[in-house]
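Reading through the C-alpha coordinates given below for one structure.
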Amino acid sequence: MWLRVRGVIIIITKLNPVIYAVSDSIGETAESVVKATTSQFVEEKFDVIRVPYVKDKEQIDKIVEEAATNNAVICS
(Lines give C-alpha, C1' and ligand atoms only; values in the text may rest on other atoms or scores of the structure.)
Protein backbone atom coordinates (compact mmCIF):
# COMPACT_ATOMS: atom_id res chain seq x y z
CA MET A 1 0.00 0.00 0.00
CA TRP A 2 1.17 3.55 -0.64
CA LEU A 3 -0.02 7.03 0.23
CA ARG A 4 0.67 10.32 -1.48
CA VAL A 5 1.08 13.09 1.12
CA ARG A 6 1.86 16.60 -0.07
CA GLY A 7 3.35 15.22 -3.27
CA VAL A 8 5.50 12.62 -1.49
CA ILE A 9 4.74 8.93 -1.92
CA ILE A 10 4.96 6.97 1.33
CA ILE A 11 5.09 3.19 1.11
CA ILE A 12 3.47 1.37 4.01
CA THR A 13 4.66 -2.20 4.42
CA LYS A 14 2.03 -3.24 6.96
CA LEU A 15 -1.64 -2.56 6.57
CA ASN A 16 -2.08 -0.73 9.85
CA PRO A 17 -4.81 1.89 10.20
CA VAL A 18 -3.50 5.34 9.20
CA ILE A 19 -4.01 8.55 11.17
CA TYR A 20 -3.09 11.94 9.74
CA ALA A 21 -1.81 14.36 12.42
CA VAL A 22 -2.59 17.74 10.81
CA SER A 23 -1.30 21.04 12.19
CA ASP A 24 -0.77 24.68 11.34
CA SER A 25 2.64 24.41 13.04
CA ILE A 26 5.13 21.54 13.20
CA GLY A 27 2.50 19.00 14.27
CA GLU A 28 4.16 17.87 17.48
CA THR A 29 1.05 18.36 19.63
CA ALA A 30 -1.26 16.68 17.11
CA GLU A 31 1.07 13.68 16.91
CA SER A 32 1.27 13.51 20.73
CA VAL A 33 -2.54 13.48 20.95
CA VAL A 34 -2.68 10.66 18.38
CA LYS A 35 -0.08 8.61 20.26
CA ALA A 36 -1.78 9.16 23.63
CA THR A 37 -5.15 8.16 22.19
CA THR A 38 -3.93 5.13 20.28
CA SER A 39 -1.96 3.86 23.28
CA GLN A 40 -5.32 2.84 24.74
CA PHE A 41 -5.60 0.23 21.98
CA VAL A 42 -2.71 -2.00 22.99
CA GLU A 43 -3.41 -4.74 20.48
CA GLU A 44 -3.71 -2.43 17.49
CA LYS A 45 -0.83 -0.70 15.69
CA PHE A 46 -1.31 2.60 13.87
CA ASP A 47 0.72 4.48 11.29
CA VAL A 48 0.87 8.23 11.98
CA ILE A 49 1.51 10.66 9.15
CA ARG A 50 2.35 14.14 10.37
CA VAL A 51 1.22 16.93 8.01
CA PRO A 52 2.69 20.22 9.30
CA TYR A 53 2.20 23.85 8.30
CA VAL A 54 -1.32 23.57 6.90
CA LYS A 55 -2.38 27.14 6.21
CA ASP A 56 -5.32 27.20 3.80
CA LYS A 57 -8.55 25.50 2.80
CA GLU A 58 -7.06 24.00 -0.36
CA GLN A 59 -4.48 22.11 1.70
CA ILE A 60 -7.20 20.84 4.02
CA ASP A 61 -9.35 19.72 1.08
CA LYS A 62 -6.43 17.75 -0.37
CA ILE A 63 -5.63 16.10 2.98
CA VAL A 64 -9.27 15.12 3.49
CA GLU A 65 -9.40 13.68 -0.03
CA GLU A 66 -6.21 11.66 0.54
CA ALA A 67 -7.40 10.45 3.94
CA ALA A 68 -10.75 9.36 2.51
CA THR A 69 -9.02 7.52 -0.35
CA ASN A 70 -6.85 5.65 2.16
CA ASN A 71 -9.55 4.96 4.77
CA ALA A 72 -7.60 7.12 7.22
CA VAL A 73 -8.57 9.22 10.22
CA ILE A 74 -7.58 12.88 10.70
CA CYS A 75 -6.52 14.42 14.01
CA SER A 76 -5.71 18.11 14.34
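These figures come from a predicted structure and were not determined experimentally.
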Side chain Ser23, main chain Ser25, donor-acceptor under 3.5 Å: yes
Side chain proximity check, Val34 to Tyr20, heavy atoms < 4.5 angstrom: no
Ile63 side chain reached by Val54 side chain, heavy atoms, under 4.5 Å: yes
Greater than 12 external heavy atoms within 6.0 Å of Lys55's NZ: yes
Lys/Arg N to Asp/Glu carboxylate O, Glu31 vs Lys35, below 4.0 Å: yes
Atom pair CG/CG of Asn70 and Asp47 - distance to nearest 0.5 Å: 11.0 Å
Close side-chain approach of Ile74 and Val64, heavy atoms under 4.5 Å: yes
Pairwise distance CD1(Ile19) to CZ(Phe46) - rounded to 0.5 angstrom: 5.0 Å
From Ile60 atom CD1 to Asp24 atom CG, the distance as rounded to the nearest 0.5 Å: 9.5 Å
pair Asn71-Val18: side-chain heavy atoms closer than 4.5 Å: no
Closest contact, heavy atoms only, Cys75 versus Val33: SG-CG1, 3.9 Å
With Lys62, the side chain to side chain contact (heavy atoms under 4.5 Å, CB included) member among Glu66, Gln59, Glu58: Glu66
Arg50 side, atom CZ; Ile26 side, atom CD1 - distance, nearest 0.5 Å: 6.0 Å
